[in-house]
Amino acid sequence: MVSTVVVDTNALMMPVELDVRLFDELDRLLDGHEPTAPQAVAEELRKLSEKGGEEGIAASVGHDLATDRCLLVDTEASYADDAVVELAREGVADYVVTNDQPLQERALDAGVAVIGLRGKNKLAVTQP
């Protein structure tokens, strides 16, 4: 069975900021998965990439990952975190990937498992 994995902005920045091999880690944790990102996440990454510096580089790489490796979906919410939660509440997401603690709590409250950082550069699943 293929799981829908909704990725947040900071998850797509993990490869540069935290040296996390995001898609390799998802492959390790899940048998089959469809990485999915709200358009709002791609837009947030695009805006952050314009800032330059380390954050801008991480966001630029994250934007490329979002557009190359993820299914981009439209949501009613224009704010990235709200768009992720919208997909969780609508039952689109089987998992949410984020390091944002408030977003993790919102996803878990919506009954969706969260994949987040454990240790230095490994990901782990937290069930609701």
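This one's a predicted model, so the numbers in the text were calculated from it and none came from an experiment.
Around the CD atom of E54, the shell of radius 6.0 Å holds no more than 12 heavy atoms that belong to other residues, nucleotides or ligands. Open room surrounds CZ on R21; 12 or fewer heavy atoms of other groups in view lie less than 6.0 Å from it. Within a 6.0 Å sphere centred on CG of D68, heavy atoms belonging to other residues, nucleotides or ligands number more than 12.
Counting only distance, with no hydrogens or angles, the side chain of S60 and the backbone of I57 share no donor-acceptor pair below 3.5 Å.
For the salt bridge (charged side-chain N to carboxylate O under 4.0 Å, His left out) test, no residue two or more places apart in sequence or in another chain qualifies with E76. Not counting sequence neighbours, D64 has no partner by the side chain to side chain donor-acceptor pair (under 3.5 Å) test. Under the rule for a salt bridge (charged side-chain N to carboxylate O under 4.0 Å, His left out), E86 has no partner lying at least two apart in sequence or in another chain.
A salt bridge is absent between E44 and K47: the closest approach of a Lys/Arg side-chain nitrogen to an acidic carboxylate oxygen does not fall below 4.0 angstrom.
D27 and H33 share a side-chain donor-acceptor pair at under 3.5 Å. Side-chain contact annotation: R118 with T126, donor-acceptor N/O pair under 3.5 Å present.
The residue from V114, D81, V97 that alone fulfils the side-chain contact (heavy atoms from CB on, under 4.5 Å) condition with D8 is D81.
Among all heavy-atom pairs drawn from Q39 and L72, the shortest one is NE2-CB, 3.6 Å. Heavy atoms only, all atoms of each residue included: P15 and L65 are closest at CG-CD1, 3.8 Å.
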